[in-house]
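As structure tokens, the structure follows; a few thoughts come after it.
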Amino acid sequence: MKQGRHRISLSDLPGLMEVYSSLRERFGHRDWWPGDTPFEIIVGAILTQNTAWKNVEKAIANLKREKVLSVAAMRRIPQDHLAELIRSSGYFNQKAIKLKAFISFLDEHYSGSIAKMAKAPLETLRHHLLEVKGIGPETADSILLYALNKPIFVIDAYTKRLLQRHHYFDKEPTYHEAQEFFERNLPANLDLFNDYHAQIVAVGHHYCKPKPRCEGCPLEHLPHRSE
DNA sequence: CTCCCGGTGA
DNA sequence: TCACCTGGAG
């Protein structure tokens, strides 16, 4: 680890593309965010808020079994019934409201059509999505990238932690700071943005946890704090 | 900052 | 038992 009297500066650190290569070499290309339709991915993005994906899978399965995983069906189903189906994802009452809020948003702005929505420009879409109650920056960007194939870099808790622990930031960056950092230092490539976020989630899940487990981490060789 | 809330794995 | 989970609102 490169150290001296001086604080580690950006120029001492590997570029983001090298970081990506190290992760990718370890984890392989991730088949991130499986989903049969864009709508299923959007629903997953809302349900997975502060919730382990495992618990979301059950909820999605319930929605499929009850044939509620379409815009029309979700518009029709009563909110309390919807809440029961997604119980396993936690915060089920709030999330039922959020799903309904998204449907209303879709109806108002895009005549209830995901396809029409997908044609809107990224910035317009992001601005509109953030107006929806229950959709914050991470959920909005996940929808944009994974459901609508817009080239935007998704930031999550793992990402901010990684940037701080590996000295790209002194303190934990804000969402916008982290996003700007990635987008300024990487080509705006859809598959790269897609897979990079997936790689970060993988390293965050296995190594860069709240309590770091640096042994064997694919990024162990680059400067880091193990706190 | 606190609250929302269920499941999972250590 | 308990921390954590592919956050967001008030």
Side-chain angles (χ1 to χ4, degrees), chain A residues 20 23-24 27-35 38-63 79-105 126-150 152-165 171-179 182 191-213 215-216 227:
Chain A
Y20 175 68
L23 293 171
R24 166 88 183 240
F27 298 114
H29 190 274
R30 312 295 289 175
D31 188 19
W32 189 241
W33 220 302
F39 184 64
E40 179 176 336
I41 294 174
I42 291 169
V43 170
I46 291 171
L47 294 186
T48 199
Q49 290 173 3
N50 200 34
T51 304
W53 182 251
K54 197 91 181 173
N55 302 326
V56 177
E57 288 180 320
K58 275 191 179 177
I60 298 269
N62 288 341
L63 295 175
Q79 198 179 100
D80 56 340
H81 185 187
L82 178 58
E84 282 312 307
L85 294 177
I86 62 173
R87 168 177 285 273
S88 70
S89 69
Y91 309 91
F92 53 90
N93 283 318
Q94 286 195 160
K95 285 175 180 176
I97 295 174
K98 294 178 181 186
L99 290 174
K100 285 290 190 180
F102 174 77
I103 299 291
S104 300
F105 156 80
R126 187 174 199 270
H127 190 76
H128 282 162
L129 279 171
L130 290 175
E131 297 292 304
V132 183
K133 233 178 204 194
I135 297 185
E138 183 177 346
T139 305
D141 291 340
S142 295
I143 290 172
L144 291 168
L145 178 65
Y146 292 105
L148 307 180
N149 295 320
K150 306 288 184 183
I152 191 158
F153 203 96
V154 176
I155 304 300
D156 65 350
Y158 290 138
T159 314
K160 291 193 274 191
R161 201 154 65 208
L162 184 151
L163 290 176
Q164 182 186 6
R165 284 187 177 160
K171 57 176 186 180
E172 191 171 286
T174 63
Y175 190 97
H176 185 252
E177 287 170 341
Q179 185 170 56
F182 277 95
D191 182 67
L192 177 64
F193 283 8
N194 183 318
D195 193 53
Y196 206 143
H197 176 67
Q199 298 293 342
I200 291 174
V201 172
V203 78
H205 182 70
H206 295 292
Y207 301 98
C208 213
K209 302 155 99 67
K211 285 186 160 219
R213 254 197 56 205
E215 307 85 15
E227 322 161 5

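The chains referred to below are lettered A, B, ... by the order of the sequence lines, with proteins before strands, and numbering in each begins at 1.
C/dT6 sits 14 Å from B/dA10 when the P atoms are compared, rounded to a whole Å. The same atom, P, is picked in B/dC1 and in C/dC4; the two are 16 Å apart, to the nearest Å. Nucleotides B/dC3 and C/dA3, compared at atom P, are 16 Å apart to the nearest Å. Nucleotides B/dG7 and C/dG8, compared at atom P, are 22 Å apart to the nearest Å.
Following rounding to the nearest Å, A/Asn93 (CG) and C/dA9 (P) show an atom-to-atom distance of 17 Å. Distance NZ (A/Lys133) to C1' (C/dG10): 9 Å, rounded to an integer number of Å. In this structure, CD of A/Gln49 is placed 8 Å from P of C/dG7, rounded to the nearest angstrom. A/Ile46 has its CD1 atom 19 Å from the P atom of B/dG6, to the nearest Å. To the nearest angstrom, C1' of C/dG7 lies 18 Å from CZ of A/Phe92. With rounding to whole Å, A/Lys98 atom NZ is found 12 Å from B/dC3 atom C1'. A/Phe102 places its CZ atom 15 Å from the P atom of C/dG8, with the value rounded to the nearest Å. When rounded to the nearest whole Å, the span between NE2 of A/His206 and P of B/dG9 equals 13 Å.
Residue A/Ile200 is classed as having no contact, given no heavy-atom separation below 4.0 Å to the nucleic acid. At a threshold of 4.0 angstrom between heavy atoms, the contacts of A/Thr51 include nucleobase atoms, whether or not backbone atoms are also involved. Among the atoms of the strands shown, base atoms are found under 4.0 Å from some heavy atom of A/Gln94. A/Lys209 comes within 4.0 angstrom of no nucleic acid atom, judged by non-hydrogen atoms across all strands.
For an aromatic pair to be called close, the ring centres must be under 6.0 Å apart, and A/Tyr196 with A/Phe193 fails this.
Here the side chains of A/Trp32 and A/Val201 are in contact, with some heavy-atom distance below 4.5 Å. Within the 4.5 Å cutoff, the side chain of A/Leu47 has no heavy atoms near those of the A/Asn55 side chain. Using a 4.5 Å heavy-atom threshold, the side chains of A/Asp191 and A/His29 count as touching.
Summarising the geometry, atom CG belonging to A/Leu162 is positioned 7.0 Å from atom CG belonging to A/Leu23; distances are rounded to the nearest 0.5 Å.
Looking at which nucleotide of DNA chain C each of A/Tyr175 and A/Arg161 is closest to, the 5′-most match is held by A/Arg161.
Residue A/Lys211 places its side chain closer to C/dC4 than to any other of C/dC4, C/dA9, C/dC5. Taking the side chain of A/Arg87 as heavy atoms from C-beta on, and the options C/dG7, C/dC4, B/dG6, the nearest nucleotide is B/dG6. Listed candidates were C/dG10, C/dT6, C/dG7. Nearest to the side chain of A/Trp33 is C/dT6. Closest approach to the A/Pro210 side chain among B/dG7, C/dC4, C/dG7 is made by C/dC4 (side chain taken as heavy atoms from C-beta onward).
Using cut-offs of 30° and 60° on the angle between ring planes, the pair A/Tyr146 and A/His197 is tilted.
The stretch residues 52-61 of chain A comes close to DNA chain C through A/Ala52, A/Trp53, each having a heavy atom under 4.0 Å from the strand.
Between the side chains of A/Thr139 and A/Lys98, not a single donor N or O lies within less than 3.5 Å of an accepting N or O.
Contact annotation: A/Tyr158 reaches the phosphate of C/dT6 (side-chain N/O to OP1 or OP2, under 4.0 Å).
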**Message:** Show, in sequence, the C-alpha distance, side-chain angles and deciding distance for A/Val43 and A/Phe102, and conclude whether the side chain to side chain contact (heavy atoms under 4.5 Å, CB included) test is met.
**Reply:** CA-CA 9 Å; A/Val43 170; A/Phe102 174 77; over 6 Å; no
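Ring-base stacking between A/Tyr91 and B/dC5 is satisfied, the centre separation being under 5.5 Å and the plane angle under 30°.
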